Every structure is written in structure tokens, then in C-alpha cells.
Amino acid sequence: NAGVTQTPKFQVLKTGQSMTLQCAQDMNHNSMYWYRQDPGMGLRLIYYSASEGTTDKGEVPNGYNVSRLNKREFSLRLESAAPSQTSVYFCATVQEYNSPLHFGNGTRLTVT
Amino acid sequence: AQSVTQPDIHITVSEGASLELRCNYSYGATPYLFWYVQSPGQGLQLLLKYFSGDTLVQGIKGFEAEFKRSQSSFNLRKPSVHWSDAAEYFCAVGVRRGSQGNLIFGKGTKLSVKP
């Protein structure tokens, strides 16, 4: 039982390059989230998907797009990476809103 | 607006000493409160949660937290800290968005443990 799987674990990009972070869950949860974590800032919500086929902006959506491909998968895309997007990105899932989140192990992204 | 404040950025305690990490929240409705722990290079792991009922909740690894509505607080405690407790701790409040919701996280408190 893998839980929440994020790929890749590490990535280095040059400014202006694009990439997609992948997240897959085998917990059959409805909701999926993308957070970014920066030192001293805690976790900030980028986008979330309450259910398959729906996505909504979170606190810091600028520069990102998402796709909820099916119930299992929720991807985060950076179309034109910027140094300000250097961060650790976490995917999380939850069955319903008052339940605990289950986190992946994160993707560490560096943009030079 | 909903928010979570963890006033202490970094705390150092001696192994075997007691620990209290502070958390204050701002939320208009009945809060759903959580404490998560993050070890270096890892994702976040749930320590405990409060939904309703008994205001003192027990979690994993010997941690407990007390919900105090009058103080809008949900402080995390442990009577005797172990070196393996060194990590970063995040308090979070669950907020509703339609039929779903989201967690608002505090900025975290880093715990260091002295031998």
C-alpha cells in the first residue's frame, strides 16, 4: 500500500523551462491538494481538487496549472519556471474535509 | 480570515524535559484542529486531531494537546522529550469550502533536543 506517491523526488530547472510534478494515490480519496513549503512560511495551498473533474485555486496559484486526470492522479505544471518557485512541493489527499490529510514525501525543486 | 499562529519559530529543550508548543487559531466556526510532525526530508505525519468532545486529545508518540476555546488555543505537550522528537511541528485548522475543505497551516515550530 503506497499511499501518496510523488515523482520526481528532486528536480533542477533553468528559468523559463517547464515541467510537471506528478502525484498518484491509491487511497480512493476524493480530494487532492498541492502545497508548497518554504522556510519560515509553513505550507501554502497552491491548488486543490475536491473531486475528479474539478479544480480550484488556493492561496498561491500564480505560475501554476493543475490537472485532475482521474480519481487517482493530480498533476501540477509549471509552464515557465521562475527562481521564486524554488520550493518543496507536497501532494496530499483526504477523504472528506474534516479528516486528516495524507501527504506524499515531497518534490524538491530548484530553479536557477 | 482564518489563520493559525505558532509564536515560537525554534525551541530547544533537554532530553527528558517537558515540552509545550503553542498554537493559536482564528476561525469563526467550530474548528477542526490538527498537529503534524515533519522529520527532515520527509512528508508530514499526523500526531493528533481534535474534532469535538473531550478537549484533551491523545496522539501518537506520547503527545497530547488541549483545546481551549476561550483562548483559541490548541497547544501540544509531551511530558518527557526524546532525542527522536527533534523535528518541525505544524499546527493546522480545517476550514470548510463548500462540501469540502482545506487545512490552514501555521508556519511551524522547529524543535531541537539537547542530550
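Owing to the predicted nature of the structure, the values given are computational and were not obtained by experimental measurement. Naming: A, B, ... by sequence-line order, numbering from 1 per chain.
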Requested in this report: Check the surroundings of atom NZ in Lys107(B): do more than 12 heavy atoms from other residues, nucleotides or ligands lie under 6.0 Å from it?
Outcome: no
Query raised in the report: How about Arg44(A): does its CZ atom have over 12 heavy atoms from other parts shown lying under 6.0 Å from it?
Result: yes
**Report entry** Heavy-atom side-chain proximity of Tyr36(B) to Leu101(A) below 4.5 angstrom
**Finding:** yes
**Report entry** Leu103(B) side chain reached by Val94(A) side chain, heavy atoms, under 4.5 Å
**Finding:** no
Report task. Would you name the heavy atoms of Lys49(B) and Pro100(A) that are closest together and state the gap between them? Result -> CD-CG, 3.7 Å
Requested in this report: Indicate the atoms forming the closest heavy-atom contact of Gln37(A) with Phe90(B), along with that distance.
Outcome: NE2-CZ, 3.2 Å
Under 4.5 Å between side-chain heavy atoms, counting indirect links through other Ile/Leu/Val/Met/Phe/Trp/Tyr residues: same cluster for [X] and [Y] or not?
| X | Y | answer |
| --- | --- | --- |
| Met19(A) | Ile46(A) | yes |
| Val4(B) | Leu48(B) | yes |
| Val88(A) | Met32(A) | no |

Query raised in the report: Checking heavy atoms, do the side chain of Gln6(B), its backbone, both or neither come under 4.5 Å from chain A?
Result: neither
Report task. With a 4.5 angstrom heavy-atom cut-off, could you sort out which part of Leu44(B) is near chain A: side chain, backbone, both or neither? Result -> both
